[in-house]
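Got a structure for you, questions after.
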Amino acid sequence: MRRPIVAGNWKMHGSRAENARLIEEIAAGFPERPAAACIVCPPFVYLQEVGRLLRDAELDSQIELGAQDCCAEAQGAYTGEVSAAMLRDVGCTYVIVGHSERRTLYGEDDQLVARKFAAAQSKGLVPILCVGEQLSEREAGLTNQVVGRQLDAVLELCGADAFAGAVIAYEPVWAIGTGRNATPEQAQEVHAFIRGRIGARNARIAAETRILYGGSVKAGNAAELFAMPDVDGGLIGGASLKAEEFLAILGAARS
Ligand code: 13P
């Protein structure tokens, strides 16, 4: 039985004032017993304060804190980086690794992402591993090949057992921030492929791994996406910055 997750990736948005307003609005409409686990991932500099806002709103047992990235190294002379241990220290329980914006804009390759996944787990954080193909790759029929390669890098470095408790987010790059979501059938096809890839190594763990869909999820399409058998919730970008939309997406998840 996989409890779905609805996670908000705020990306490089927000300010102290905007974050406070957003958490206040989320708190005002937060359901008594959400069917899904809920996570917010603010920028590094706001993590601690958003953690405090969640505590003040008595939401800290309902909404967990995640970061958007972490360093693959444990500590040392890595100017500008933030370690997994630091993220734990400020109250994070999750961390996104391998987001397509990190991969494409900052040149993160599969091996680096796998090392970040390992670094996160070694400090007790749950990695949310993002995978997904570019439009040209989909059009060339390479979706499974690309997603398979991204997954294999982690399977090879960490083994299938590492996916126990971990989270995967399938985010087709062409669907991110474009308003053009994958159809539920397209998402299901890739999610089933991902589960099968892990299942080939460990069927029990594959059955437990939560696989989120990300890419233009909004209140209007969340329910049909989340209804697919291998879609265990969503990783939400733009719509996670609007309380009403985010809460409606959370409400669309069913256990
Ligand atoms: P959008 O929901 O804005 O398309 O972003 C998805 C995403 O990249 C979440 O990590």
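Since the model is a prediction, treat every value here as computed from it, not as a measurement. Side chains included, hydrogens not; waters and symmetry mates left out as well; all remaining heavy atoms used. Atoms within a ligand are numbered from 1 in the order they appear, just like the ligands themselves.
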Any protein N/O atoms within less than 3.5 Å of an N/O atom in ligand 1? List the atom names and distances, or say none.
| from | atom 1 | to | atom 2 | distance (Å) |
| --- | --- | --- | --- | --- |
| ligand 1 | 2 (O) | Gly237 | N | 2.9 |
| ligand 1 | 3 (O) | Gly238 | N | 2.8 |
| ligand 1 | 4 (O) | Gly177 | N | 2.6 |
| ligand 1 | 4 (O) | Ser216 | N | 2.8 |
| ligand 1 | 5 (O) | Lys11 | NZ | 3.3 |
| ligand 1 | 8 (O) | Lys11 | NZ | 2.8 |
| ligand 1 | 8 (O) | His99 | NE2 | 2.8 |
| ligand 1 | 8 (O) | Glu171 | OE1 | 3.3 |
| ligand 1 | 10 (O) | Asn9 | ND2 | 3.0 |
| ligand 1 | 10 (O) | His99 | NE2 | 2.9 |
| ligand 1 | 10 (O) | Glu171 | OE1 | 3.2 |
| ligand 1 | 10 (O) | Glu171 | OE2 | 2.9 |

Checklist entry - Is there a donor-acceptor contact under 3.5 Å linking the side chains of Ser100 and Glu171? => result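 No pair is found: no donor N or O on one side chain lies under 3.5 Å from an acceptor on the other.
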Checklist entry - Does the side chain of Gln188 pick up a donor-acceptor pair with the side chain of Asp230 at under 3.5 Å? => result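 Yes, side-chain donor-acceptor contact under 3.5 Å.
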Item to check | Residue pair Glu108, Asp69: steps toward the side-chain contact (heavy atoms from CB on, under 4.5 Å) verdict | outcome: CA-CA 11 Å; Glu108 295 192 6; Asp69 185 26; 3.9 Å; yes
Item to check | Distance flag, aromatic centroids of Phe246 and Phe30, threshold under 6.0 Å | outcome: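 They do not qualify: ring centres at least 6.0 Å apart.
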Checklist entry - Is the closest basic N to carboxylate O distance between Arg21 and Glu25 below 4.0 Å? => result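 Not counted as a salt bridge, because no side-chain N and carboxylate O are separated by less than 4.0 Å.
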Next on the checklist: Looking at Asp161 and Arg201, is there a salt bridge between them, counting it only when a charged N and a carboxylate O are closer than 4.0 Å?
Outcome noted: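 A salt bridge is absent here (no side-chain N lies under 4.0 Å from a carboxylate O).
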